[in-house]
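So the structure is just underneath, and the comments pick up after that.
By convention in this document, chain letters (A, B, ...) are assigned in the order of the sequence lines, proteins followed by strands, and residues within each chain are numbered from 1.
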Amino acid sequence: MVMENVATHEDWKVCFSELAPGLLLFARQWVCSAADAEDVVQEAFVRFWRRGLDLRNRALLYSAVRSAALDLIRRDGRRARRELEAGGEIEQATQPQFEQMDDAQRELAAALDRLPREQREVLVMKIWNELTFAEIGQTIGVSQNTAASRYRYGLGALKKMLEEARTTPARTIATL
Amino acid sequence: MNDIENELRKLRPTRPSNGLPIRIGMALADAGKLRDDVITPHRFRVNWVGLGLGVAAAAAFLIVARLDVHPPAATRHPVASNSTAPPRDRASEVSSYQAIGLTQVVYSKRNEGLLFPPGSATPVRRLRTTRHETMRWEDPHTGARLQVSYPAEEVTLIPVSGQ
């Protein structure tokens with residue numbers, strides 16, 4: 001008996017090719033390397049598919065990625081300590097999260113990395129994954145209004161960081 | 001804010017490596033082999049039609065039980081003096097007493113989960129209902145009343161169809 005919402009192999013390939021970049025970027029909020037992010041996305045995606053969940057339920061899908069990332073961190077004690085100590089300020093410059101950036105974009109990406117994690121994950125879900133605030137709230141377990149607030153604070157903080165960097169050229173934000 | 005949003009949207013997240021879809025494909029293929037052996041939560045969706053029929057049957061049973069409180073005198077069966085006889089029959093032995101009411105208070109209805117009866121292709125959900133019943137009789141000539149209360153329990157098995 002085939003469950004109605006279980007994607008066939010061809011279906012998942014189409015879905016995955018559309019969702020993969022955003023899912024990987026989302027996973028990178030918790031892990032430093034692209035390889036770890038791929039492991040997280042693979043585990044979450046397969047777990048999601050095995051349970052016969054609807055791929056259109058994006059809040060649940062991103063929750064699965066978040067959960068898989070946290071599981072990975074817990075499994076690796078040393079990594080957990082490192083990530084927890086670093087908190088949202090972790091340096092993720094080892095591997096770029098975006099393709100083909102010019103200087104201004106590198107500056108923007110670096111500023112994004114400097115955001116508190118709670119704001120950055122909302123921006124990532126909203127900008128590159130196009131989730132609604134309701135879906136974002138469902139994913140991270142906060143209200144829709146809180147998600148929207150974090151989004152606004154995140155954008156405001158980014159704007160402030162970029163303005164400061166441009167008015168004081170000596171202080172470069174990062175050199176990706 | 002819109003400027004920042006637009007600038008952010010111009011950033012393109014990195015694509016996954018070529019190996020990732022292959023690894024996922026292999027994992028999904030393995031999962032597919034296991035899928036037939038695993039009963040997923042979606043197969044346990046409540047069959048509302050079945051549940052409705054079950055409730056209707058239970059309601060019909062209760063109505064019949066209630067009507068049976070007033071059996072015609074001609075159809076009354078003699079009741080042996082058995083300690084397990086239902087109170088209503090024993091009360092009817094008392095001359096001129098007539099049943100005047102039955103109260104059923106359901107104080108517990110528990111879903112005991114799915115069962116897989118031997119030989120059955122589909123699982124069934126077991127619902128256990130516990131209630132307290134009170135029956136009342138009255139002698140119209142003397143106005144004397146008799147009331148009996150006792151606990152009752154009912155187990156309902158509802159077939160659950162898969163998807």
Which members of residues 12-21 of chain B, sorted by number, sit under 4.5 angstrom from chain A on a heavy-atom basis?
B:R12, B:P13, B:T14, B:R15, B:P16, B:S17, B:L20, B:P21
In Å and rounded to the nearest 0.5 Å, what is the NZ to CD distance from A:K126 to B:E5?
8.5 Å
For A:L162 and B:I4, what are the C-alpha separation, side-chain angles and deciding distance, and is it a side-chain contact (heavy atoms from CB on, under 4.5 Å)?
CA-CA 10 Å; A:L162 292 175; B:I4 295 283; 3.7 Å; yes
One should read off an interatomic distance between A:L112 CG and B:L8 CG, to the nearest 0.5 angstrom, of 6.5 Å
Proximity of residues 16-26 of chain A to chain B, residues having a non-hydrogen atom under 4.5 angstrom:
A:F16, A:S17, A:A20, A:P21, A:L24, A:L25
Test: A:K159 and B:D3 ion pair at under 4.0 Å:
no
Enumerate by number any residue of residues 128-142 of chain A whose heavy atoms lie under 4.5 Å from heavy atoms of chain B; in the absence of such residues, state 'none'.
A:W128
Let me see the working for A:F98 and B:K10 under side-chain contact (heavy atoms from CB on, under 4.5 Å), right down to the final yes or no.
CA-CA 10 Å; A:F98 300 100; B:K10 287 177 187 171; over 6 Å; no
My understanding is that only residues two or more places apart in sequence, or in another chain, count here; which of them pass side-chain contact (heavy atoms from CB on, under 4.5 Å) with B:V55?
none
Decide whether B:V155 and B:Y107 are clustered together by the hydrophobic rule: side chain heavy atoms of Ile, Leu, Val, Met, Phe, Trp, Tyr closer than 4.5 Å, transitively.
no
Just wondering, are more than 12 heavy atoms of other shown residues or ligands nearer than 6.0 Å to CZ in B:R145?
no
Determine, using the 4.5 Å side-chain heavy-atom cutoff (strictly less than), whether A:Y153 and A:V124 are members of one ILVMFWY cluster.
no
Quick check: do B:R23 and A:E38 have side-chain heavy atoms less than 4.5 Å from each other?
yes
In the structure I gave you, are the side-chain heavy atoms of A:I127 and B:L11 within less than 4.5 Å of one another anywhere?
no
Taking a hydrophobic cluster as the set of Ile, Leu, Val, Met, Phe, Trp and Tyr residues connected by side-chain heavy atoms closer than 4.5 Å, whether directly or through intermediates, do A:L70 and A:V65 fall within one such cluster?
yes
